[in-house]
Amino acid sequence: MKFNVEGKAFQQSLQAVSKVINAKNTIRILDNFLLSIEGDRLSITGSDSENTLTAFTPVMDVENPGSIAVPAKRLLEITKEIDNQPLTFDINDETLEIDLRFLNGHFKFMGVDASDYPEPRQLNDECRVLSLPAPMVLQGINNTWFAVSTDTARPVMTGIYFDIHEGDVTFVSSDTHKLVKYVNSTKAPEMEASFILPAKTAAIMRGLISKDDADVRITFNAKGGLFEFGDFLLYSVFINGNYPNYNRVIPDNNPFSLVADRASLINALRRVNLFAPKSSNLVVLNLQDDGVTLSAQDLDYGTSAEERLSCEYSGNSMVVGFNGVFMVEILSNMTDETVMLQLSDPARPGIYTGYEPKENETLVTIQMPMQVL
């Protein structure tokens with residue numbers, strides 16, 4: 001097998017596919033990239049057995065097309081050290097020796113029999129197909145990824161829940177301390193379905209989907225799905241289980257509201273957080289008609305901080321506690337210049353939303369309160 005490939009494009013594809021390969025694999029063959037020639041393009045595949053990612057890049061001067069597995073770490077190291085220049089792969093089909101030639105020299109190293117690489121998972125005839133605008137999927141992941149749980153004792157919470165309705169797609173994530181619900185109706189799916197996308201898969205898609213991509217085509221069943229976008233194919237095994245009823249967690253009646261400049265609130269919280277107890281990160285909000293006072297106190301070190309922030313508050317005077325680190329995380333993942341925090345009681349969750357409604361999308365984040373001593 002022999003082919004020529006543009007160096008920069010090849011390296012970028014390798015870097016993208018390497019994101020799916022685990023540092024340590026129980027199956028040795030998964031330490032490799034699978035390189036296959038299909039017509040005038042090269043497919044580069046990596047897998048961790050649960051996720052399989054394939055990138056496509058053009059090739060030229062193809063002779064004896066075929067497939068070979070190549071050690072991923074070595075190939076990444078080699079291409080990183082070669083300047084942007086044409087590369088020629090000359091592979092001995094019998095010995096699996098690879099001769100990689102570039103302008104000023106060449107490398108020789110061994111490949112692995114491609115037949116040892118796992119066959120791609122096949123989706124059965126019961127699959128459903130859904131095409132969504134790439135920006136819609138990207139926004140859904142961007143708005144929810146940070147709240148995904150890392151607690152493996154509750155596997156269904158360790159992914160992003162895609163709740164697909166006739167007129168919209170709702171993206172949900174929660175780590176029990178906070179919950180994010182993002183609804184996007186840019187395109188009506190015209191179907192009812194749902195699945196839980198693993199956090200790793202979501203992170204890979206977040207890094208690869210471009211706003212310039214037209215659509216993400218999703219072919220899926222109850223066990224997994226194939227995502228097609230740009231020059232990539234990504235297969236993922238879904239998380240098995242029933243996602244909790246997220247709407248029950250969101251309080252219905254929240255008569256009190258705090259409206260503030262998002263950047264000013266983040267900066268004030270960061271300063272006050274420096275003096276919050278490391279064990280709880282408790283920040284106390286004292287809400288009054290003319291503004292809010294943020295305070296924190298670490299009794300172990302005898303330190304405290306207090307800062308007053310001008311804002312609009314409508315409701316009864318209230319003292320409520322929240323995890324300050326989580327507050328900064330929530331606000332940092334919002335894009336609105338002005339945000340609103342809705343409250344009803346110091347013991348009930350606070351609800352974050354943008355002050356100005358957006359067309360075709362709604363973002364609601366709730367945060368559980370903390371006891372103020």
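Along the sequence shown, residues carry numbers from 1.
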Original post:
Does R217 reach the main-chain N or O of F227 with its side chain, forming a donor-acceptor pair under 3.5 Å?
Top reply: no
Original post:
Quick check: are there more than 12 heavy atoms from other residues, nucleotides or ligands sitting under 6.0 Å from CD of E166?
Top reply: yes
Original post:
Just by distance, with hydrogens left out, do S344 and N253 show a side-chain donor and acceptor under 3.5 Å apart?
Top reply: no
Original post:
Any donor and acceptor pair, going by atom type alone, linking the side chain of N273 with main-chain N or O of L269 inside 3.5 Å?
Top reply: yes
Original post:
Between Y161 and Y243, what is the ring plane arrangement, given parallel below 30°, perpendicular above 60°, and tilted in between?
Top reply: parallel
Original post:
Does a donor on one side chain sit under 3.5 Å from an acceptor on the other, for D298 and T303?
Top reply: no
Subject >> Pairs satisfying salt bridge (charged side-chain N to carboxylate O under 4.0 Å, His left out), at least one member in residues 334-358, at least two apart >> reply: D336-K358
Subject >> Non-neighbouring partners of V259 that pass side chain to side chain contact (heavy atoms under 4.5 Å, CB included), sequence neighbours left out >> reply: E312, T338, M340, Y355
**OP:** Taking atom types as modelled, find out whether D151 and S149 have a side-chain donor-acceptor pair closer than 3.5 angstrom.
**Re:** no
Subject >> Shortest non-hydrogen separation from D48 to V20 and the atoms involved >> reply: CB-O, 3.4 Å
Subject >> Stepwise side chain to side chain contact (heavy atoms under 4.5 Å, CB included) test for N333 and W145 >> reply: CA-CA 10 Å; N333 281 279; W145 70 274; 3.9 Å; yes
Subject >> E192 atom CD, over 12 foreign heavy atoms within 6.0 Å >> reply: yes
Original post:
What is the distance from atom OG1 of T158 to atom CD1 of I196, rounded to the nearest 0.5 Å?
Top reply: 8.0 Å
Subject >> For K178, salt bridge (Lys or Arg N to Asp or Glu O under 4.0 Å) partners two or more places apart >> reply: D175, E329
Subject >> side chain to side chain contact (heavy atoms under 4.5 Å, CB included) between Q139 and N184, worked out >> reply: CA-CA 9 Å; Q139 288 169 1; N184 193 309; 3.4 Å; yes
**OP:** Show the numbers, then the answer: is there a salt bridge (charged side-chain N to carboxylate O under 4.0 Å, His left out) between D93 and K2?
**Re:** CA-CA 10 Å; D93 296 331; K2 187 175 181 180; over 6 Å; no
Original post:
Short question: side chain of K108, backbone of E97 - any donor-acceptor pair under 3.5 Å?
Top reply: no
Original post:
Is N245 atom CG crowded by more than 12 heavy atoms from other residues, nucleotides or ligands, each under 6.0 Å away?
Top reply: yes
Original post:
Is the ring centre of F89 less than 6.0 Å from the ring centre of F10?
Top reply: yes
Original post:
How about N221 and R128: does a side-chain donor come under 3.5 Å of a side-chain acceptor?
Top reply: no
**OP:** Go through the steps for E228 and V216 under the test side chain to side chain contact (heavy atoms under 4.5 Å, CB included), then give the verdict.
**Re:** CA-CA 6 Å; E228 303 176 54; V216 176; over 6 Å; no
**OP:** Check whether the side chains of K73 and N32 place a donor and an acceptor atom closer than 3.5 Å, and report yes or no.
**Re:** no
**OP:** Dump the intermediate steps for side chain to side chain contact (heavy atoms under 4.5 Å, CB included) on I351 and T365, then the final yes or no.
**Re:** CA-CA 6 Å; I351 301 179; T365 305; over 6 Å; no
Original post:
Are I330 and L179 grouped together when hydrophobic residues (ILVMFWY) are joined by side-chain heavy atoms under 4.5 angstrom apart?
Top reply: no
Original post:
Are Y352 and Q367 close enough that a side-chain donor and a side-chain acceptor fall under 3.5 Å?
Top reply: yes
Original post:
Between the side chains of S314 and S257, is a donor N or O closer than 3.5 angstrom to an acceptor N or O?
Top reply: no
Original post:
Short question: side chain of T144, backbone of G140 - any donor-acceptor pair under 3.5 Å?
Top reply: yes
Original post:
For the residue pair F102 and F107, is the inter-centroid distance of their aromatic rings smaller than 6.0 Å?
Top reply: yes
Original post:
Should we say atom CZ of R206 is surrounded by more than 12 heavy atoms from elsewhere, each under 6.0 Å from it?
Top reply: yes
Original post:
Can you find a heavy atom in the side chain of F109 that is under 4.5 Å from one in the side chain of L75?
Top reply: yes
Original post:
Is a side-chain N or O of E6 found less than 3.5 angstrom from the main chain of A9, in a donor-acceptor match?
Top reply: yes
Subject >> Nearest non-hydrogen partners of E307 and V272, listed with the distance >> reply: CB-CG2, 4.0 Å
Original post:
What pair of heavy atoms forms the shortest contact from N84 to G7, and how long is it?
Top reply: OD1-C, 4.1 Å
Subject >> Nearest heavy-atom neighbours spanning K278 and L274 >> reply: NZ-O, 3.9 Å
Original post:
Hey, is CG on N240 packed in by over 12 heavy atoms from elsewhere, all under 6.0 Å?
Top reply: no
Subject >> Over 12 non-hydrogen atoms of neighbours within 6.0 angstrom of CZ in R154 >> reply: no
**OP:** Would you indicate whether the side-chain heavy atoms of M157 and P244 approach each other to under 4.5 Å?
**Re:** yes
Original post:
Is there a path from F56 to F229 through hydrophobic residues (I, L, V, M, F, W, Y) whose side chains come within less than 4.5 Å of each other?
Top reply: no
Subject >> Heavy-atom side-chain contact between V62 and D40 under 4.5 Å >> reply: no
**OP:** Consider only side-chain heavy atoms of I, L, V, M, F, W and Y, link residues closer than 4.5 Å, and tell whether L226 and L208 are in one cluster.
**Re:** no
Subject >> Separation between CD1 of I266 and CZ of R271, rounded to the nearest 0.5 Å >> reply: 11.5 Å
Subject >> Pair D163-Y246, side-chain donor/acceptor within less than 3.5 Å >> reply: yes
Subject >> Step-by-step side chain to side chain donor-acceptor pair (under 3.5 Å) determination, T88 to N4 >> reply: CA-CA 4 Å; T88 298; N4 295 333; 2.6 Å; yes
Subject >> Interatomic spacing from CD1 in I37 to CD1 in I68 - rounded to 0.5 Å >> reply: 11.0 Å
Original post:
Can you check whether F326's main-chain N or O pairs, donor with acceptor, with N323's side chain at less than 3.5 Å?
Top reply: yes
Original post:
Using links of under 4.5 Å between side-chain heavy atoms of ILVMFWY residues, direct or through other members, which residues join Y117 in one cluster?
Top reply: I27, I29, L30, L34, V112
Original post:
Looking at K187 and D215, does any basic side-chain N land under 4.0 Å from a carboxylate oxygen?
Top reply: no
**OP:** Would you give the length of the straight line joining atom OG of S317 to atom CG of N286, rounded to the nearest 0.5 angstrom?
**Re:** 7.5 Å
**OP:** Could I get the full list of salt bridge (Lys or Arg N to Asp or Glu O under 4.0 Å) partners for D300, not counting sequence neighbours?
**Re:** none
Original post:
Does the N254 side chain pair with the main chain of P251, one donor and one acceptor, at a distance under 3.5 Å?
Top reply: yes
Original post:
Would a distance-only check, ignoring hydrogens and angles, find a side-chain to backbone donor-acceptor pair under 3.5 Å from E63 to M1?
Top reply: no
**OP:** Locate the shortest heavy-atom distance separating G159 from V148; write the atom from each residue and the value.
**Re:** N-CG1, 3.6 Å
Original post:
Closest approach of N51 and S236, non-hydrogen atoms and distance?
Top reply: OD1-OG, 3.2 Å
**OP:** Taking the side chain as every heavy atom from C-beta outward, state whether V249 and I366 have any pair of such atoms under 4.5 Å apart.
**Re:** yes
Original post:
Applying the 4.5 Å side-chain criterion to the ILVMFWY set and letting contacts propagate, would V283 and L309 be lumped into a single cluster?
Top reply: yes
**OP:** Spell out, yes or no, whether F146 and M327 are grouped together once hydrophobic residues are joined by side-chain heavy atoms under 4.5 Å, including indirect joins.
**Re:** yes
**OP:** Only counting residues at least two apart or in another chain, list the ones meeting side chain to side chain contact (heavy atoms under 4.5 Å, CB included) with D31.
**Re:** N25, R28
